[in-house]
Amino acid sequence: MMTLSTATCLLLLLTAQKPPAAAATPPPPVAEPLEVRHVPTAQVVSGNPLVLKAEVAPAWRLGALVAHYRSTGEKDFRDVAFELSADGTYAATLPVSADQRVPVEYYVTARDTDGVETVRFASPTQPHPVLIEVDPYSLAREAVMEVYGQRRSRVGAFGEYVNYGRTTVNGTRYSDRYYRLEADYLYRLFTQVGGMRIDSIRIGVGHLRAHTPPFDLRLSPGQDALPTLRPGLDYGFSELDVGFSPYFGLGARLMLGGNATGFSAGFGGRIRIGRPQGARVELEGEYTGGLGGLAGIRLAWDTVPRFPMSAAVQVTNVPSGPVGVRLLYRVDYKVSDAFLIGAQAGYQARASVGGGPTLGFAASYGW
């Protein structure tokens with residue numbers, strides 16, 4: 001039998017033992033960090049969207065991925081969110097207009113599932129610039145338009161009085177003169193077609209009336225004098241200018257008209273060597289049924305500010321006479337960048353018989 005003392009010792013030993021410790025609570029798992037990998041873009045072609053791509057790991061940790069962008073010189077950024085692509089990457093599309101010339105700046109931020117937002121590429125104070133690539137044709141077109149002050153349209157008027165003097169035919173003296181009035185509208189295209197640049201088209205109307213000696217007529221029996229001829233033409237015309245380079249171009253002209261004797265058609269051409277709005281040489285030729293033709297050379301220069309000038313020599317039989325030579329000088333004055341007025345003066349004679357002055361005027365307005 002267990003004695004009282006033995007039982008007492010066992011009871012004391014049991015009460016002296018510590019209770020077993022409770023199992024320790026495991027530490028919370030550490031969230032996997034969010035990684036964003038983005039390769040920046042160096043340049044983009046104007047008119048094409050700028051596509052930014054990024055890889056995110058792990059994807060489940062991503063709350064939002066945003067590109068903040070602006071044009072250089074702007075103060076505020078605009079936001080575009082990245083979207084998941086079919087290949088598992090993320091992409092954001094930034095619009096780039098066709099007339100964009102300054103770089104596009106951007107930086108990228110990411111927000112994780114814990115709501116923490118961090119900058120992942122570049123920064124608001126130092127955004128990454130993307131250069132704008134512009135094709136050479138667009139640059140050349142913009143340079144030419146800058147010369148014209150971005151004005152595509154122009155209306156103009158031109159008038160001249162031409163006097164060849166008085167000519168004696170069969171003992172009778174006759175006046176040899178005419179006047180011409182024209183009004184036109186010009187539109188500058190600068191459009192590339194088949195490797196050629198269509199610079200401009202011009203349409204207009206004209207009115208010509210003349211008093212000329214009866215050069216080719218002979219007196220009939222009983223006639224004392226031949227009647228003065230009165231050729232004339234009311235017409236419309238169209239012109240097309242084509243530029244092959246900044247210093248070489250061609251022009252074509254088509255004219256349709258009529259008078260008391262019937263229908264008349266004409267055509268002409270021009271070769272330009274030099275800048276359209278600067279120093280240049282122009283070779284021109286034209287022929288109109290019932291009126292005659294001309295060939296000439298013109299030299300133009302702009303050495304005096306606001307006073308473009310030109311001088312020309314023409315060999316012509318207009319209107320309906322023997323061949324003559326005209327010497328012309330024209331000076332224009334730029335009243336403003338849009339408005340121009342001009343005056344023309346000269347002298348002409350037919351086959352060295354007589355001669356007379358030329359007076360003319362011109363005006364144009366562009367917008």
Side-chain angles (χ1 to χ4, degrees), residues 30-153 188-193 197 199 243 245-246 277 337-338 366-367:
V30 178
E32 188 174 355
L34 180 66
E35 294 184 4
V36 176
R37 292 182 292 275
H38 167 65
V39 177
T41 302
Q43 64 183 20
V44 64
V45 178
S46 63
N48 294 334
L50 171 59
V51 180
L52 307 179
K53 292 192 173 183
E55 296 180 359
V56 178
W60 64 269
R61 285 280 289 147
L62 179 64
L65 188 63
V66 179
H68 311 268
Y69 73 98
R70 69 184 180 187
S71 297
T72 299
E74 294 181 344
K75 180 180 179 181
D76 299 325
F77 286 91
R78 296 179 289 278
D79 299 340
V80 171
F82 282 77
E83 296 182 355
L84 183 62
S85 303
D87 59 359
T89 62
Y90 288 80
T93 302
L94 312 184
V96 178
S97 63
D99 57 357
Q100 177 85 19
R101 294 297 177 265
V102 298
V104 176
E105 302 174 337
Y106 75 94
Y107 68 98
V108 179
T109 61
R111 187 179 70 251
D112 59 22
T113 52
D114 296 331
V116 178
E117 183 173 307
T118 54
V119 176
R120 295 307 180 106
F121 176 76
S123 69
T125 56
Q126 292 184 327
H128 173 69
V130 178
L131 302 180
I132 305 299
E133 180 183 351
V134 185
D135 62 277
Y137 161 68
S138 295
L139 290 176
R141 179 180 180 180
E142 292 173 4
V144 175
M145 285 302 299
E146 187 65 28
V147 173
Y148 294 101
Q150 306 301 326
R151 297 176 177 85
R152 287 186 174 273
S153 295
R188 299 182 178 96
L189 292 168
F190 300 113
T191 300
Q192 200 80 6
V193 177
R197 189 185 70 192
D199 285 354
S245 79
Q277 286 294 98
D337 291 339
W367 69 92

*Arg120 side chain to Thr118 side chain, donor-acceptor N/O pair below 3.5 angstrom*: yes

*If you round to the nearest 0.5 Å, how far is OG of Ser97 from CG of Asn48?*
11.5 Å

*Looking at the rings of Tyr106 and Phe77, which for Trp means the six-membered one, are their centres under 6.0 Å apart?*
no

_Close side-chain approach of His38 to Leu52, heavy-atom, < 4.5 Å_ = yes

*Return the minimal non-hydrogen interatomic distance between Val56 and Leu65, and the atom names on each side.*
CG2-CD2, 4.1 Å

*Identify the heavy atoms of Val147 and Gln277 that sit nearest to each other, and give their distance.*
CG1-CB, 3.7 Å

*Check the pair Arg197, Thr191 against side-chain contact (heavy atoms from CB on, under 4.5 Å), reporting the backbone distance first and the verdict last.*
CA-CA 5 Å; Arg197 189 185 70 192; Thr191 300; over 6 Å; no

*Is the shortest heavy-atom distance from the side chain of Pro49 to the side chain of Val96 under 4.5 Å?*
no

*Does the side-chain contact (heavy atoms from CB on, under 4.5 Å) test come out yes or no for Val104 and Val44, once each step is laid out?*
CA-CA 9 Å; Val104 176; Val44 64; 5.6 Å; no

*At what distance, to the nearest 0.5 angstrom, does OH of Tyr137 lie from CZ of Phe190?*
9.5 Å

*Starting at CG of Asp76, measure out to OH of Tyr69 and round the result to the nearest 0.5 Å.*
12.5 Å

*Taking the side chain as every heavy atom from C-beta outward, state whether Ser71 and Glu105 have any pair of such atoms under 4.5 Å apart.*
no

*asked:* Could you walk me through whether Val66 and Val80 satisfy the side-chain contact (heavy atoms from CB on, under 4.5 Å) test, starting with their C-alpha distance in whole Å, then the side-chain angles of each, then the deciding distance to 0.1 Å, before giving a yes or no?
replied: CA-CA 6 Å; Val66 179; Val80 171; over 6 Å; no

*Answer yes or no: is there a side-chain heavy-atom contact under 4.5 Å between Thr113 and Leu62?*
no

_Applying ring-ring contact (aromatic ring centres under 6.0 Å, His included) to Phe121 and His128, what does each step give before you reach the verdict?_
CA-CA 8 Å; Phe121 176 76; His128 173 69; 5.5 Å; yes

*asked:* Is there a side-chain contact between Val134 and Arg101 in this structure, where contact means two heavy atoms from C-beta onward sitting under 4.5 Å apart?
replied: yes

*asked:* Any side-chain to backbone donor/acceptor pair from Glu133 onto Asp135? Under 3.5 Å, distance only.
replied: no

*Do you know the tightest heavy-atom contact between Ala67 and Ala92?*
CB-CB, 4.4 Å

*Can you name the nearest heavy-atom pair linking Leu34 to Ala110, along with the distance?*
CD2-CB, 4.3 Å

_Gap between atom CG of Asp112 and atom CZ of Arg61 - 0.5 Å precision_ = 4.5 Å

*What are the two closest non-hydrogen atoms of Pro124 and Arg70, and how far apart are they?*
O-NH2, 4.4 Å

*How about Ser85 and Tyr90: do any of their side-chain heavy atoms sit closer than 4.5 Å?*
no

*Heavy atoms only: give me the nearest Leu131-Pro103 pair and the separation to one decimal.*
CD2-CG, 4.0 Å

*Can you find a heavy atom in the side chain of Met145 that is under 4.5 Å from one in the side chain of Arg152?*
yes

*Check the pair Gln43, Ile132 against side-chain contact (heavy atoms from CB on, under 4.5 Å), reporting the backbone distance first and the verdict last.*
CA-CA 6 Å; Gln43 64 183 20; Ile132 305 299; over 6 Å; no

